[in-house]
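Each residue takes its place number in the sequence, starting with 1.
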Amino acid sequence: MSEAQTVTDTGSVVRDLTAFQQNILVILAEEPMYGLAIKRQLETYYGTEVNHGRLYPNLDDLVEMGLVEKSELDKRTNQYELTSAGHDALLDQFEWMVEKFVNSEERADELTDLIGAYQ
């Protein structure tokens, strides 16, 4: 595997992922995408080119871990979709982050305001 080991427990899987792999999962939480669309979103986020030699091995790792499902759109294009295990892994990570971040009423209000902006 390129950047992570396979782990069977969904809760611990996300903890073993790299930030790059977690970002791929976050992107796929929006909707299923083909590889180049994922690449473009990562490049927008990072502000720099993401090369194929980094993206596709990480996508393959996420598929192997059961966090992403890969299907063929046509002979040259694969589509990637977040699985329920991938969804659960992201929720686990978000829960851990919120638990660490929200240590005061002020921070809870900041987070509530942020979430409210997307409803």
Side-chain angles (χ1 to χ4, degrees):
M1 300 206 154
S2 66
E3 293 195 33
Q5 294 180 313
T6 301
V7 180
T8 55
D9 176 27
T10 301
S12 65
V13 169
V14 76
R15 293 176 186 97
D16 292 334
L17 298 178
T18 65
F20 186 77
Q21 291 169 326
Q22 289 179 28
N23 290 338
I24 291 171
L25 294 181
V26 169
I27 288 168
L28 290 174
E30 185 176 18
E31 65 182 346
M33 293 183 191
Y34 60 98
L36 288 177
I38 298 167
K39 181 180 183 298
R40 282 188 212 112
Q41 288 215 14
L42 288 166
E43 288 173 342
T44 298
Y45 178 72
Y46 288 115
T48 187
E49 183 180 353
V50 172
N51 79 44
H52 290 68
R54 182 175 186 202
L55 175 61
Y56 290 100
N58 279 285
L59 281 167
D60 289 340
D61 286 348
L62 293 169
V63 168
E64 189 174 317
M65 287 181 231
L67 302 175
V68 170
E69 184 177 311
K70 178 180 177 180
S71 60
E72 192 175 278
L73 285 177
D74 59 44
K75 298 256 185 225
R76 297 186 59 219
T77 308
N78 292 313
Q79 177 171 282
Y80 299 89
E81 183 172 358
L82 193 66
T83 64
S84 60
H87 175 268
D88 292 347
L90 277 178
L91 277 178
D92 182 68
Q93 180 67 12
F94 293 148
E95 181 179 3
W96 181 81
M97 292 173 70
V98 168
E99 180 184 304
K100 298 302 176 195
F101 180 78
V102 178
N103 60 12
S104 69
E105 191 172 322
E106 181 181 338
R107 284 195 175 180
D109 291 343
E110 289 174 342
L111 194 56
T112 300
D113 291 345
L114 179 64
I115 291 169
Y118 293 97
Q119 294 179 337

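- Within 6.0 Å of atom CD in E106, 12 or fewer heavy atoms from other residues, nucleotides or ligands are found, so the atom counts as exposed in its surroundings.
- L62 and L91 fall into different hydrophobic clusters, where Ile, Leu, Val, Met, Phe, Trp and Tyr are joined by side-chain heavy atoms under 4.5 Å apart, directly or via other members.
- Of all the heavy atoms in G66 and A85, the pair that sits closest is O-CB, 3.6 Å.
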Counting only pairs under 3.5 Å, give me each side-chain donor-acceptor contact of residues 28-44, with atom names and distances, residues two or more places apart or in other chains.
| residue | atom | partner | partner atom | Å |
| --- | --- | --- | --- | --- |
| Y34 | OH | R40 | NH1 | 3.3 |
| K39 | NZ | E43 | OE2 | 2.5 |
| K39 | NZ | V50 | O | 3.2 |
| E43 | OE2 | V50 | N | 3.0 |
| T44 | OG1 | R40 | O | 3.0 |

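- V98 and Y118 end up in the same hydrophobic cluster when Ile, Leu, Val, Met, Phe, Trp and Tyr side chains are linked at under 4.5 Å.
- The two residues A108 and V102 have their closest heavy-atom pair at CB-CG1, 3.6 Å.
- Placement of Y46 and I27 within a single hydrophobic cluster is found when ILVMFWY residues are connected by side-chain heavy-atom separations under 4.5 Å, directly or transitively.
- Partners of D109 according to the salt bridge (Lys or Arg N to Asp or Glu O under 4.0 Å) rule, which considers only residues two or more places apart in sequence or in another chain, do not exist here.
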Checklist entry - How far apart are the C-alpha atoms of N78 and L59, what are their side-chain angles, what is the distance that settles it, and do they pass the side-chain contact (heavy atoms from CB on, under 4.5 Å) test? => result CA-CA 11 Å; N78 292 313; L59 281 167; over 6 Å; no
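- With hydrophobic clusters built from ILVMFWY side chains whose heavy atoms lie under 4.5 angstrom apart, I24 shares a cluster with L73.
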Item to check | side-chain contact (heavy atoms from CB on, under 4.5 Å) evaluation trace for L17 with M65 | outcome: CA-CA 10 Å; L17 298 178; M65 287 181 231; 3.7 Å; yes
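- With hydrogens and angles disregarded, no donor-acceptor distance shorter than 3.5 Å links the side chain of D92 to the backbone of D88.
- Residues R76 and D74 share a closest heavy-atom pair of N-OD1, 2.8 Å.
- With rounding to the nearest 0.5 Å, the separation of CD in Q21 from CZ in R54 is 9.0 Å.
- Contact record, R107 with F101: CD-O, 2.9 Å, taken as the closest heavy-atom pair.
- Counting heavy-atom neighbours within 6.0 Å of E110 CD, excluding the residue itself, gives a total above 12.
- The minimum heavy-atom distance linking N23 with Y45 is given by the pair ND2-CE2, 3.5 Å.
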